[in-house]
Amino acid sequence: MTSNPTPRRPLIIAGPCSAETEEQTLQTCIQLAATGLVDMLRAGVWKPRTQPGTFEGAGLKGLAWLAKAKSITGLPIAVEAACAKHVENALEFGVDMLWLGARTTVNPFSVQDVADAVRGTGTQVYLKNPMVPDVALWSGAVERMLQADVPSENLGLIHRGFSHTGTCEHRNAPMWHLIFDMRSRYPTLPMICDPSHICGTRDTLLSVSQQAADLSYDGLIIESHIHPDQAWSDARQQLRPMDLARLLSAIQWRENSTDTPAYARAMEQFRHQIDQMDEEIFSLLARRMDIAEKIGRIKQENNVAVLQGSRWSQIVNNILSRAPALRLSEEFLRTVLNAIHQESIQRQNAILNSTIPHHIP
Ligand code: PEP
Ligand code: MN
């Protein structure tokens, strides 16, 4: 007999980018609560703006509006905190969850300041990924919270994308592979996606949200405003509560797994094949590196430089020309080739360096 798995229940946090006025905060929150699809309300009351002189948040007044929204709707509330004073103020107004913004997670002094302030308060803390694509910095923020005795049950992660200078269809590049890395470091912490700050515009919100659902994220934090086009911050990415409800209903949260015997058998077989192939791929790579080392020794004996640009271009062009036949993207092939090249250059450099005297004679 097959049992039906319990449907996956993602955590949905929604609310305006900023609490602007009492009317806008309350109306947005009340309409969101009425959808029945939102678990927690969010709003920024201290806004880290790129330019001075723009709206920097309603501060304590905003906290009072949010507290009112909480008492009317019965939903918990969340705000962004960037320093100890914010934590203190937020907790005075009954805020249930604090999140650290991407501009805060990037700064260990600020993270430590917040960590010291939340110690012993029992509040929930969610850490957004830092602006820069540096997982170590993000994990450093988690460690600071854990060292401040914030229990891991009260901690969570938010993926809001990373600053980039290249071409990317999104406001902040998702760089999903960094999220896999972070999740493998902290498998028990919930990871929620912030499609609003990844996308920067409304039209791609559904596809990024669906991608997060397909990658087994634990929930979403999305911006919503009763009059998005008139929002004082992040106007292009906010949705009216009724449009947010439509978006949330369109997302399919597929099961993480099922215990159907046919599924289990098929998965076991395929996973076995994958493990086998990984074993072969990495054994081959190890052998390739051994050969690269032999070449390094020959170069050293003949006093030849490690990097032979033309030879490398030849290898790259050769492999890239096979991209269509292999049905692998050029981008993927380039990433793999670069990683291989880097490792073999390092090995060859190590051989050359071993013969360089370590003291100036
Ligand atoms: C926000 O959530 O409104 C915000 C400022 O986000 P981020 O820190 O991701 O830019
Ligand atoms: Mn915002």
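All ligand and atom numbering here is 1-based and tracks the order in the structure.
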task: Please work out whether the ring planes of Tyr217 and Trp176 are parallel, tilted or perpendicular, with thresholds of 30° and 60°.
output: perpendicular
- prompt: Can you tell me if Asp214 and Gln210 form a side-chain donor-acceptor pair at under 3.5 Å?
  reply: yes
- prompt: With a 6.0 Å cut-off on ring centres, are Phe55 and Trp232 close enough?
  reply: yes
Sub-4.0 Å atoms of ligand 1 with respect to non-hydrogen atoms of Gly101: 8 (O)
For Ala102, the ligand 1 atoms whose distance to one of its heavy atoms is below 4.0 Å: 8 (O)
query: At distances under 2.8 Å, what protein N, O or S atoms surround the Mn ion (ligand 2)?
result: Cys17 SG, His197 NE2, Glu223 OE2, Asp234 OD2
message: Does either side chain, that of His225 or that of Asp234, offer a donor lying less than 3.5 Å from an acceptor on the other one?
response: no
- prompt: Which ligand 1 atoms does Cys17 reach within 4.0 Å, using its non-hydrogen atoms?
  reply: 3 (O)
message: As a test of understanding, state which of Cys199, Ser196, Pro195 forms a side chain to side chain contact (heavy atoms under 4.5 Å, CB included) with Ser209.
response: Pro195
- request: May I ask you to check whether Asp194 has an N/O atom sitting below 3.5 Å from an N/O atom of ligand 1?
  value: no
message: Assess, by modelled atom type and distance only, whether the side chains of Glu268 and Tyr263 contain a donor and an acceptor separated by less than 3.5 Å.
response: no
message: Test of understanding: clusters of I, L, V, M, F, W, Y form through side-chain heavy atoms closer than 4.5 Å, transitively. Do Leu157 and Phe162 belong to the same one?
response: yes
- request: Consider only side-chain N and O atoms of Glu293 and Gln348, and report whether a donor and an acceptor are under 3.5 Å apart.
  value: no
- prompt: For ligand 1, which atoms sit closer than 4.0 Å to a heavy atom of Glu80?
  reply: 4 (C), 5 (C)
task: Give a yes or no on whether Val87 and Leu66 share a hydrophobic cluster (residues Ile, Leu, Val, Met, Phe, Trp, Tyr; joining criterion: side-chain heavy atoms under 4.5 Å apart).
output: yes
- request: Check Lys128, Arg160, Arg171 against Asp194 for a salt bridge (Lys or Arg N to Asp or Glu O under 4.0 Å) and give me the one that passes.
  value: Lys128
- line: Atoms of ligand 1 under 4.0 Å from any heavy atom of Lys47, numbered from 1 in the order shown, are 1 (C), 3 (O), 5 (C)
- prompt: Which residue holds the protein heavy atom closest to atom 9 (O) of ligand 1, what is that atom called, and what is the gap in Å?
  reply: Arg160 NE, 2.6 Å
- prompt: Below 4.0 angstrom, N of the basic side chain to O of the carboxylate: do Glu301 and Arg297 qualify?
  reply: no
- request: Give the residue, atom name and distance (to 0.1 Å) of the protein heavy atom nearest atom 6 (O) of ligand 1.
  value: Lys128 NZ, 2.9 Å
Ligand 1 to Asp234 polar contact by distance, N or O atoms, under 3.5 Å: no
Shortest protein contact, atom 4 (C) of ligand 1 (heavy atom only): His197 NE2, 3.5 Å
Ligand-side contact atoms (ligand 1) for residue partner Glu223, heavy atom cut-off under 4.0 Å: 1 (C), 3 (O)
